[in-house]
Amino acid sequence: MLPKLTTIFHIYPKLFMTNYLHTLTPQIFHQIIPYYPPNSNLKNLCTNGQLKEALLAMTIEGYQVKFDGYDSLLTLCVNSKALREGRRVHAHMITTRYCPPVYLETRIIVLYTKCDVLVDARNVLDRMREPSVVSWTAMISAYSKRGYQLEALNLFAKMLRAGTPPNKFTFASVLTSCTGACGLNHGRQVHSLIVKSNFGEYIFVGSSLLDMYAKAGNIREARGVFESLPERDVVSCTAIIAGYAQLGYDEEALDMFRQLLREGLESNYVTYASVLTALSGLASLDYGKQVHNRVLRSELPSYVVLQNSFIDMYSKCGGVTYSRKVFDGMSERSVITWNAMLVGYGKHGLGQEVIELFQLMREENQVKPDSVTFMAVLSGCSHGGLVDEGLKFFDEMIDGPNADRVRPEVEHYGCVVDLLGRAGRVENALEFIKKMPCEPTTAIWGSLLGACRVHSNVLVGKFVAKRLFEIEPENAGNYVILSNLYALAGRWEDLRVLRELMKEKSVTKEPGRSWVNLDRTVHTFHAGDRSHPRKEEIMRKVVELSVKIKEAGFVHNLSCVLHDVDDEQKEKILLNHSEKLAIAFGVMSTPSGRPITVVKNLRVCADCHDFAKFVSKVCEREISLRDSNRFHRILGGVCSCGDYW
DNA sequence: GTAGGGTTAG
């Protein structure tokens, strides 16, 4: 028997205003529920965001809950990512034998995917008799977003087999999973399906498509898609900028950004992050600062990702103190923030700073160090000459405090080889490689070969080189290092045999390239380059510098030349190296005393390294040389790398 | 209800 409604209403005048339902005691609540039409209070509670009360109402209404009620509940759970509560709703459907329509089942899939329980979402999908295109797409999109490419593609194929035609949402999602060279074939198939589906180029699909081509290294096709877009927006422009930047077409990326500015399109933080990648590649500090000012002026909210990009850009442009300023100014930091800062210090050879920052990271205990953190710390110790400290950190990885136990991977073992090699413990390094639980990579052998060169260990060097020639016979760098080694040891006969071998294998070398940023223009030099407008002048300057530094004791390192020519010819070849052209250009185009920054796409050669050291001393200039591995800060004839690189 | 671009390491 229900109490009289008027009685209750008399006690609680606000009763029919559902906002106040949650203020009632459960007993009263229970009593009044029957006076409401089924699901209506449930819906109201959900609209007000009162999830707890809505769940109570669901329990009380029991079998009365129908489509509207469940829909409101699930929507609220999805919006607030309330997994536990969502599961209760799902379970309620099952216990009350409610048979949900496709729409509600899809809502459950969305709920589970948003809450990162993809297995549960997939279970729901697999049990559906007739999933809609939205059900399929929600699941495919979830796989794509989390990098489960294979699952996304397989599910897409299954969807096609089930006879469900994809829509533009599906295509945009599935294309995200066609990344990399191996995804390209699938991507092309999807592309032709899109064309057949005949709903034209939508812009969403277009951005996805161009990104797919760019990530496969196919920049021309990416550009083709971009050009054919019916309209451009920030995302599609960012996609093409990011595509260029990721493939190292930094100047093209920058051109695209300038075009975006000219067209008056508003950039967002992803756009800026992509532009910064390009600027990092170019080492263009001035331009980087300009972009930073633009971002500060634009009143864009602070995004951790973008701040991380600034840290990285500044350190790669030689301004690691600016990196630290950005780092210190951040109120929230991700593991990438710490890693970027640690890597920055490491590349500049600032080992002590690496260790201090890592200690701070452990003390603050806000983010857990990951595999990249340890790589940054180990390689930072190596570049900074802190061998024992590095080895200690490696031991801690295996047997350290629980907080940061990270399983060492092959790259970490590589760092240890580097550490031992730097310390001159070449034999130990070789033993270490033999005992490693994983296959040594070419990078590891290469690092050991480098150590053999610095420490003139011909015996181990020969052994290591043999391995390397087996694995990558076409890499000229390995031949260069071994020939350096033979030359150092005066083993001219071995050197001759090596040259024969090279002729046989016809090894090729990625063309060396160096550049200098001046007045926001990139001046690029290739070996023997004659394309620069001031080429004659530059060459004269190189010769002039070489005469000057020879007086100060500079001797060419002829083993850096692999061609079988006479010594005079070798000197000519060496003087044409792109680093020297760039250094000479820097010296002649800037006022005396001003520091010079030169960037090289490969590792700097030993002869050019010596050249830079002597020039820094004779011309009294600080020369920063960024090669593919680290920064060389050269001052008064001494390099921050300690001649080990 | 479902969709596109981004940061560290190698």
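From a predicted model like this one, the values you see are computed outputs, not experimental measurements. Throughout, protein chains are lettered first and strands after them, A, B, ... in sequence-line order, and every chain is numbered starting at 1.
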For the side chain of [X], counting heavy atoms from C-beta on, which of [options] is nearest?
| X | options | value |
| --- | --- | --- |
| A:M375 | B:dG5, B:dG10, B:dG4 | B:dG10 |
| A:I336 | B:dT8, B:dA3, B:dG5 | B:dT8 |
| A:S132 | B:dG5, B:dG1, B:dG4 | B:dG1 |
| A:T238 | B:dT7, B:dA3, B:dG5 | B:dG5 |
| A:A242 | B:dG5, B:dT8, B:dG10 | B:dG5 |
| A:V343 | B:dT8, B:dG1, B:dG4 | B:dT8 |
| A:T137 | B:dG6, B:dT8, B:dT2 | B:dT2 |
| A:N339 | B:dG10, B:dA3, B:dT8 | B:dT8 |
| A:V110 | B:dG6, B:dT7, B:dT2 | B:dT2 |
| A:S274 | B:dT7, B:dG6, B:dG1 | B:dG6 |

Could you tell me how far apart [X] ([atom1]) and [N] ([atom2]) are, to the nearest whole angstrom?
| X | N | atom1 | atom2 | value |
| --- | --- | --- | --- | --- |
| A:Y269 | B:dT7 | OH | C1' | 10 Å |
| A:Y213 | B:dG4 | OH | C1' | 16 Å |
| A:Y272 | B:dG5 | OH | P | 20 Å |
| A:D627 | B:dG10 | CG | P | 12 Å |
| A:L76 | B:dG1 | CG | P | 15 Å |
| A:K347 | B:dA9 | NZ | P | 6 Å |
| A:L265 | B:dG5 | CG | C1' | 13 Å |
| A:R146 | B:dT2 | CZ | P | 13 Å |

Scan [X] against the nucleic acid and name what it touches under 4.0 Å (heavy atoms): base, sugar-phosphate only, or nothing.
| X | answer |
| --- | --- |
| A:D233 | base |
| A:V102 | base |
| A:F171 | nothing |
| A:T277 | sugar-phosphate |
| A:V305 | base |
| A:S236 | base |
| A:S208 | sugar-phosphate |

With a 4.0 Å cutoff (strictly under), does any side-chain N or O of [X] reach OP1 or OP2 of [N]?
| X | N | result |
| --- | --- | --- |
| A:K114 | B:dT2 | yes |
| A:K145 | B:dA3 | yes |
| A:K215 | B:dG6 | yes |
| A:S141 | B:dT2 | no |
| A:Q246 | B:dG5 | no |
| A:K316 | B:dT7 | no |

Note: A:R122-A:E151 ion pair, threshold 4.0 Å (strictly below): no

Charged N to carboxylate O below 4.0 Å: is that the case for A:R258 and A:D255? yes

State whether a side-chain donor-acceptor pair under 3.5 Å links [X] with [Y].
| X | Y | result |
| --- | --- | --- |
| A:R324 | A:Y345 | yes |
| A:D312 | A:S309 | no |
| A:Q149 | A:T179 | yes |
| A:T277 | A:S274 | no |

Side-chain donor or acceptor of A:N268 under 3.5 Å from a matching atom on the base of B:dG6? no

Does any N or O donor sit under 3.5 Å from an N or O acceptor when you compare the side chain of A:Y202 with the base of B:dG4? no

According to the interplanar angle, ranging from 0 to 90°, do the rings of A:Y112 and A:H90 count as parallel (below 30°), tilted (30 to 60°) or perpendicular (above 60°)? tilted

